[in-house]
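Order of listing sets the numbers, starting from 1, for every ligand and every atom in it. We number each residue from 1, following the sequence as shown.
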Amino acid sequence: MEQKKDKKTKGGFTGSLGFVLTAAGSAVGVGNIWRFPYLAARDGGGLFILIYLILVLTFGFTLLTTDIAIGRKTGKNAWNAFASIRPKWGFLGKLTFLVPVIIMTYYSVIGGWIVKYLAVYVTGQGAAAAEDGYFTSFISSKIAPVVFMLIFLAISAFIVFNGVEKGIEKFSAAVMPGLFIMIIGIAIYSLTLKHTDASGVTRTGLQGLSVYLMPNFEGLTFSKFLSILLDAMSQLFFSLSVSMGIMITYGSYVKKDVNLNKSVAQIEFFDTGVALLAGMMIIPAIYVFSGTEGMTSGPSLMFVSLPKVFASMGKMGPVIGLAFFVMILLAALTSNISIMETLVANCMNIFKTSRKKTAGYITLYSLVTATLICLGYSVFYFECKMPGGATGQLLDIMDYASNSFLMPLISLLTSIFIGWVVKPKWIEEEMTVGAKKFSRKRLYAFMIRYIVPAIMGVLFLQSTGVFSLFAK
Ligand code: PFF
């Protein structure tokens with residue numbers, strides 16, 4: 001009864017395809033198109049890819065299955081889901097709710113940067129964007145980043161206001177197939193590139209592809225391997241949108257006749273496929289125009305290195321630049337609406353308010369916090385030493401708190417809760433509703449009881465900096 005009531009106030013997905021496309025819409029975002037390629041480039045190409053693929057099929061599968069099954073079985077959001085299973089564990093729901101609360105503060109800021117770059121290519125200013133210092137001078141100005149963030153936030157809010165079926169599902173179903181086609185198109189174009197630089201060296205897209213795919217074991221030590229593993233693991237959380245309550249919320253909208261096994265496999269496939277294709281699109285292009293040195297630029301890749309690559313492409317540059325930023329804007333929007341929807345859905349339950357009213361308050365919350373984060377590069381600029389050694393601003397602190405600190409902690413607690421308190425059988429029951437086959441059942445039980453808690457425990461300790469104390 002309770003479940004029915006919840007469904008009525010929240011709405012639900014029309015069917016399996018709508019669910020998969022919307023969940024993939026949340027999963028596929030800047031993480032796939034920007035973060036995955038730069039990590040792959042930095043962490044030994046094929047070696048990183050291989051580790052990542054293994055993690056997707058083990059950890060990714062386990063965490064995604066857990067979130068979606070908890071959501072559908074309880075019919076509730078994270079805030080109430082854990083408490084409804086075991087009242088003592090209600091705290092875990094509150095902790096999980098904290099993640100989108102934090103991510104919401106900065107995701108629209110990055111969304112705003114993407115809108116800005118799209119505007120740059122629409123108005124034909126690609127050459128200016130390729131100049132040194134363009135990006136820094138943009139984010140450190142006081143007004144422009146806030147204005148572009150507002151545009152991004154307004155579009156997201158509009159979609160969430162319209163609800164699950166008419167807003168979020170409709171938008172994701174329209175956008176995701178197009179995004180897939182565009183990324184394949186640009187990846188193919190990228191492989192056909194060829195360029196001779198000032199010193200007479202000619203590099204081709206296909207050579208770039210082999211740099212991307214061939215494992216690089218040069219200088220590989222045990223500690224380097226561990227750091228690649230950690231990079232791949234945190235990328236996995238972020239990329240699949242797991243352990244942050246989003247997939248629990250989306251799971252609660254799924255009808256009982258949908259085969260969750262298939263949906264989980266399709267989401268894994270979609271998310272990983274887009275990440276691999278994004279690497280195929282970006283790494284060869286950077287390699288052709290800037291060689292291997294161009295690939296170590298890290299986070300600045302999307303806003304600094306890529307505009308330079310587009311500028312070197314000649315006539316096709318502005319067109320490809322435009323297509324690229326349209327694509328990444330759509331991917332970022334479907335992810336942002338999933339964060340917003342999770343907040344709205346949880347708050348609707350907590351405060352018993354209507355969708356429109358709650359969405360209004362959440363928009364206001366995002367507006368205020370994202371403005372503060374934008375100003376973290378100008379008015380409130382300061383330098384904070386991050387546990388990894390890099391210096392960060394407000395945005396990096398929020399990112400660290402959610403992705404590096406809270407997510408491993410939540411995964412650790414969830415795996416203890418499901419693996420040892422409620423037992424994997426509880427999840428298995430949900431995965432086999434309607435006599436569906438849960439073929440990875442054994443793998444699931446083994447992972448959730450032993451491997452996930454062990455590795456998450458290590459990751460969590462690592463994020464607190466405890467290990468570096470011992471190293472001293
Ligand atoms: N999974 C998205 C990506 O890979 O970009 C990012 C994301 C979406 C992160 C939703 C967090 C989130 F709550």
How many angstroms lie between atom OG of Ser252 and atom CG of Asp67, to the nearest 0.5 angstrom?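 Rounded to the nearest 0.5 Å, the OG-CG separation comes to 11.5 Å.
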Would you please indicate yes or no on a ring centroid separation below 6.0 angstrom for [Y] and [X]?
X      : Y      : answer
Tyr212 : Tyr287 : no
Phe135 : Trp113 : yes
Phe405 : Phe460 : yes
Phe138 : Phe303 : no
Phe91  : Phe82  : no

For residues Tyr250 and Ser241, is any side-chain donor paired with an opposing acceptor at under 3.5 Å?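 Result is no, nothing qualifies.
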Is there a donor-acceptor contact under 3.5 Å linking the side chains of Thr369 and Thr105? no
Distance to 0.1 Å, residue and atom name: give those for the protein heavy atom nearest to [atom].
atom                    : value
atom 4 (O) of ligand 1  : Ala27 O, 3.0 Å
atom 11 (C) of ligand 1 : Met244 SD, 3.4 Å
atom 5 (O) of ligand 1  : Gly31 N, 2.7 Å

List ligand 1 atoms under 4.0 Å from [X], heavy atoms only on the residue side.
X      : value
Tyr107 : 5 (O), 6 (C)
Ser26  : 1 (N), 2 (C), 8 (C)
Gly29  : 3 (C), 4 (O), 5 (O)
Val30  : 5 (O)
Ile339 : 10 (C), 12 (C), 13 (F)
Ile103 : 11 (C), 13 (F)

For ligand 1, does Ile246 get within less than 4.0 Å through its side chain, its backbone, both, or neither, judged by non-hydrogen atoms?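 Under 4.0 Å from ligand 1, Ile246 contributes side-chain atoms alone.
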Record the part of Phe238 in heavy-atom contact with ligand 1 below 4.0 Å; permitted values are side chain, backbone, both and neither. both
Check whether any N or O atom of Ser239, backbone or side chain, sits under 3.5 Å from an N or O atom of ligand 1, and answer yes or no. yes
With nothing but distance in play, are any N or O atoms of Ser338 less than 3.5 Å from an N or O of ligand 1?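 Such a contact does not occur with ligand 1.
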contact_flag Pro100 ligand 1 heavy-atom lt 4.0 Å: no
Can you tell me which residue among Phe19, Tyr253, Phe13 is in a side chain to side chain contact (heavy atoms under 4.5 Å, CB included) with Glu169?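 Filter result, single survivor: Phe13.
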